[in-house]
Amino acid sequence: MSGPLYVRPIIELNDFLPIFVSASLILIFGAFYAGIVTLVKMQKLKKLYMFLAYFFWILQIYCTYFLTMKIHSQPFTVKAMMIAMFAYLMVPHIYYYLITKSEERYEK
Amino acid sequence: MQSQSNFKYESQKLGSWYFTVAMILFGAQLVLGLVAAIQFIYPSFLYDILDFSIARMIHINALVVWMLYAMIGSVYYLLPDETGIETVGIGIGKLLFWVLTLAVTVVILVFVFIQVGPATQATIWLITEGREYIEAPRWADIGIVVVVVGFLINTFLTAMKGRRTGIMTVILSDMIALAGLYLAGMYFTDNISMDQYWWWWVIHLWVEATWEVMVGALAAYALIKIVGAKREIVEMWLWIEVAMLFGSGILGLGHHYFWIGTPEYWWEIGALFSSLEPLPLIGMFIHVLYDWGKEKGIKEGSGEDTTSNNTPALIWLISNGFGNFLGAGVWGFFHTLPQVNIYTHGTQFTAAHGHLAFFGAYATILIAMFYMAVQGKYGIKKLRATFASKMAIFLISFGVLGMGVALTIAGYEQVLIARAQLGATWNAFFVAQNQMWMSQAMDWRLIMGIVTTVGFVYLVKDLLTISKNPENVN
Amino acid sequence: MSRKKVSVWSDNRFWQRSAIWVTGFASLLLIWLTFDTMGQISMGNQKDIDNHITKRVPSATVINYEVEYNMNQNRGHEVPVIGGDDGKGNSLFKVKEKFFGRDDYTQKEANALLHLGKLASQAKNCMDCHTLLGNGAYYAPDLTKAWLDPAWGKNGPMQAMTGKNTKEEAMAEFLQHPGKYPTHARMMPNLGITPKEAIGLVAFLKHMSTIDTNGFPRGFGKIKEGVVYAKSK
C-alpha cells in the first residue's frame with residue numbers, strides 16, 4: 001500500500017469565491033428550471049419557455065462540473081454528480097406527472 | 001389577547017396561550033441578539049455583567065424555546081380542527097402549559113443572574129449544561145420531558161378518539177421522534193467527541209429532520225385552510241415530503257461528523273445526503289406555489305373573489321417556501337461539502353446560514369400560524385393585511401436577509417484570512433476579526449438586526465390590533 | 001369510492017408506506033453506523049499507549065506526553081502525533097513532557113483531571129464564545145488545537161505575557177485572570193475559574209488537541225504569518 005488514502009488538496013485563495021458562487025448557482029438555477037417547468041405545465045407561461053428551462057438546467061450542469069473541478073473531487077465523484085444532474089432533469093416532470101395523476105383521482 | 005373569543009374549542013385557546021408566550025420569547029431573542037451584536041462592535045458593552053456568552057446563550061435558547069412553544073401551540077390549535085373533537089385532557093394540557101412556562105421563566109432568570117457555576121455536577125443539574133442550544137440545566141430537561149410526554153399522550157388520545165387524518169398521523173409520529181431525540185442530549189461524558197456525536201442527534205435531527213417535517217405538516221394544514229387546497233392531494237404530497245426529508249435529512253447528519261473525531265466515512269455520507277437535502281425544499285416551494293396558483297385559477301374561472309381568506313398568513317406561508325429554500329438550501333449547500341467545509345466550519349458562514357435558515361424555514365410558517373389563530377379567535381372570515389402586516393413582513397424579511405448577507409461577507413473574509421492564509425490559530429482569528437471587512441459586516445449586522453426588531457414591533461402591533469381594522473370587522 | 005382505474009402513483013397509502021420504508025431504512029443505517037462510530041471514538045487507555053495503538057480519542061494519560069500536529073503521509077493531512085514522530089506522521093508514544101511538573105499521571109489521576117476540565121468547560125459555557133472541534137460560537141478563537149498554538153509555546157507572546165515558564169502554567173494563569181491579560185479589545189470575562197479548575201481545563205485542552213479530527217483545522221500553527229503575535233488595537 002503506497003500513496004495517501006485520502007487526498008485533501010489545498011484550495012487556492014482565488015478559488016474560494018468561484019466555489020461559493022457556483023455552489024449557490026447550482027441550487028438557484030435548479031429552482032429556476034423546476035419553477036419554469038411548473039409554470040409552463042400550469043399554462044401560466046407559453047410552451048416556448050421550456051427552452052429557457054432547459055437552458056437553466058444546462059447552466060446548472062456547468063456549475064456542478066465547475067464546482068467539482070474546483071474542489072478537486074475524485075473522478076468517481078464527478079461522474080456520480082453528472083448522473084445526479086441527469087436524474088434532476090427528470091424531477092420536475094415526475095412532480096408534474098404525480099400532480100396530474102393525483103388530480104385525476106381526487107378532483108370531482 | 002384575553003378579550004371576547006370566538007374559539008369553538010378550549011384547545012384552540014390553549015394553542016393561543018402558547019403562541020403568546022412564543023411571541024414574548026421571540027422578543028427576548030431579538031433583544032439579546034442585539035446585545036450580542038453590539039458586543040461584537042463595542043466589546044466592553046456589559047462586560048462582566050452580561051457577557052457575550054450569556055447574551056448569545058439566551059439568544060439561541062429563546063429561539064429554540066419559542067419555536068417549540070409555537071409548534072406545540074400549533075398542534076393544540078389544529079387538533080380540534082383535524083380530529084373534530086375537543087382535546088381530551090384539556091385541563092391537564094393547561095396545567096402543563098403553566099408548569100412549562102414557570103420552568104422556562106426560572107431557567108432564564110438563572111441564566112441571567114447566576115450565569116455560571118463551579119465545575120461540579122450540581123452546576124449541570126441546577127445552572128447550565130453548557131452545551132450550545134440545549135444549555136437548560138438537567139432538572140429543566142427532565143421537566144421538559146415530563147411536560148412533552150403529557151402533551152404527547154394528550155394529543156395521541158385525542159387523535160385516537162376523533163377523526164384520524166394524514167396530517168395528524170404525520171404530526172403525531174414526528175412529535176414522538178422529536179421528543180425522543182431530546183433524550184440524546186441529556187447525558188454527560190468526559191469524551192468530547194462522544195459528547196458532540198450525541199449532541200448533534202438532538203440539534204441536527206431536530207432542525208434538519210423532525211422540525212422540517214413539522215413545517216411540511218403545518219404548511220399542508222395551512223394550504224387546506226387558507227388556500228382551499230384539496231386534502232387528499234395535500235396529504236399525498238405531505239407523505240412524499242416526509243419520505244424525501246427523512247430520506248436525506250437523517251443521514252445528512254453526516255455533515256456534522258467531518259471534524260469531531262469521527263471516522264472518514266462520514267465525509268462521503270455527509271456530502272451525498274446533504275447534497276440531497278435541498279431537493280425536498282425545492283419541492284415544497286414549488287408545491288406551495290402550484291396549489292396557490294391552481295386554487296386561484298379555479299376561483300377566477302368561476303368568477304369568485306380570488307383573494308385568500310387570510311392574506312397575512314398566506315404571505316408568510318409563501319415566504320416560508322422561499323426562505324426555506326434560500327436559507328436552509330442555498331446557504332446550507334454552499335459550505336457543506338467536506339473539501340470546502342474544512343475551511344468554513346466554525347466561521348460566520350455558519351452564523352449566516354443559521355439566521356437565514358431558522359427564519360426562512362421556521363419563523364415564517366410559525367408566524368403564519370399566529371395569524372391563523374388571530375383569525376380564529378376573532379372569527380374573521382377574510383383576514384386582510386393591514387399596513388402593519390406589510391411593514392412586519394417587509395422589515396423582518398429584509399432585516400434577516402441583510403444580517404445573513406453581512407455575516408456571509410464576514411465568513412468569507414474569515415475563511416480567506418483566518419483559515420486559508422493563517423491557519424486558524426489564536427492570532428489568526430484576531431487578525432481576521434480586525435479586518436475592515438469583518439468590522440463593517442458587524443456594523444451592518446447590527447443595523448439589520450435593528451430593522452428586524454422594528455419589524456417585530458409592527459408584528460406585535462398587528463397581531464394585537466388587526467381584528468379592529470375596519471376591513472376585518474365582520 | 002367509484003371503481004375507476006387509479007394509478008398507484010396517486011395513492012396516498014403507497015406514499016405513506018414509502019415514507020415509512022425510507023425513514024426506517026435511513027434510521028437503521030444511521031443506527032448501524034452509530035455502532036461502528038461508537039467503537040472508533042471510544043476513549044483509549046494507557047494500555048493502548050503502551051501497545052502503541054493510535055486511537056481517534058486517546059487515553060487521558062496523553063497529558064504525560066509531548067504532542068505535535070504533523071502531516072501524516074498515509075492520511076494526506078495533519079494528525080496529532082503523540083510522544084514523537086516516526087518521520088511519516090505516526091505517533092511513537094515515547095517522548096514524555098512534563099505537565100505541571102509531572103509526567104507520571106496515573107490513569108486514575110489523568111481521568112480525574114479530564115473529568116474536572118470537561119465539567120468546567122460546560123459549567124463556564126465555553127462553547128458560547130469559543131468553538132470546540134469547530135462547534136460553538138464565533139466570538140473567540142477555536143480551541144480544538146489550542147494546546148498546540150505556538151503563541152503559548154516557549155517563545156510565544158501569550159506565555160511571555162503571563163510571565164510563566166511553561167505552556168500549561170501560562171494557560172492556567174490566563175484562564176484564572178483573563179481580565180489581566182487582554183489579547184484584544186474583546187476580552188475573556190472573569191468566570192471565577194479556580195486554580196484546580198484551571199489545571200483541569202488545561203488537561204482537557206491538551207487531551208482535545210490529541211483527538212484525530214481528520215485534519216481540522218488545516219495547517220494549524222504551520223503558517224508563519226499566523227503565529228506571529230500582532231498587537232491588536
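To find a chain, count down the sequence lines: A is the first, B the second, and so on, and within it residues start at 1. For clarity, every value in this text was computed on a predicted model and none was experimentally measured.
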Spell out the residues in residues 188-199 of chain C that have some non-hydrogen atom less than 4.5 Å away from a non-hydrogen atom of chain B, in order of number; otherwise answer 'none'.
C:Met188, C:Pro189, C:Asn190, C:Leu191, C:Glu197

Can the ring centroids of B:His345 and B:Phe258 be said to lie less than 6.0 angstrom from one another?
no

Sort C:Phe25 into side chain, backbone, both or neither according to what part of it lies under 4.5 angstrom from a heavy atom of chain B.
neither

Less than 3.5 Å apart, any donor N or O on the side chain of B:Tyr197 or C:Thr34 sitting next to an acceptor on the other?
yes

Would the B:Phe188 and C:His115 ring centres measure less than 6.0 Å apart?
yes

Sequence neighbours left out, cut at 3.5 Å: what donor-acceptor pairs do the side chains of residues 126-137 of chain C make with other protein atoms?
residue	atom	partner	partner atom	Å
C:Asp128	OD1	B:Arg56	NH1	3.3
C:His130	ND1	C:Pro141	O	2.8
C:Thr131	OG1	C:Asp142	OD1	2.7
C:Asn135	ND2	B:Gln196	OE1	2.8

Test C:Phe220 against B:Trp259 for ring-ring contact (aromatic ring centres under 6.0 Å, His included), laying out the working first.
CA-CA 14 Å; C:Phe220 185 87; B:Trp259 325 114; over 10 Å; no

Between B:Ile269 and chain C, which part of the residue has a heavy atom less than 4.5 Å away: side chain, backbone, both or neither?
side chain

Top residue by heavy-atom pair count (under 4.5 Å) with chain B, among C:Asp212, C:Val57, C:Thr37?
C:Thr37

For the CZ atom on C:Phe14, are there more than 12 heavy atoms of other groups (residues, nucleotides or ligands in this structure) within a distance under 6.0 Å?
yes

Considering only heavy atoms and a distance below 4.5 Å, find which of C:Leu29, C:Ile211, C:Leu33, C:Leu143 pairs most often with chain B.
C:Leu33

Part of B:Gln121 within contact of chain C (heavy atom distance under 4.5 Å):
both

Whatever's closer than 4.5 Å to a heavy atom in chain C on B:Phe40 counts as both

Would you mind telling me which of C:Tyr139, C:Tyr138, C:Trp15 has the largest number of heavy-atom pairs within less than 4.5 Å of chain B?
C:Tyr139

Using a 4.5 angstrom heavy-atom cutoff, name the option from C:Leu114, C:Leu116, C:Ile20, C:Asp36 with the most pairs to chain B.
C:Asp36

Just give me the residue among C:Arg17, C:Met43, C:Met208 that pairs up with chain B most often, heavy atom to heavy atom, under 4.5 Å.
C:Met43

B:Ile60 versus chain C, the contacting section by heavy-atom distance below 4.5 Å:
side chain

Pick from C:Leu201, C:Val22, C:Leu30 with the largest number of heavy-atom pairs that fall under 4.5 Å of chain B:
C:Leu30

Step through the shown structure and confirm whether more than 12 heavy atoms of other residues, nucleotides or ligands are within 6.0 Å of OH on B:Tyr42.
no

Any chance you could measure B:Asp195, atom CG, to C:Gln122, atom CD, to the nearest 0.5 Å?
5.5 Å

No-hydrogen, no-angle side-chain donor-acceptor test under 3.5 Å, C:Gln16 and C:Asn12
no

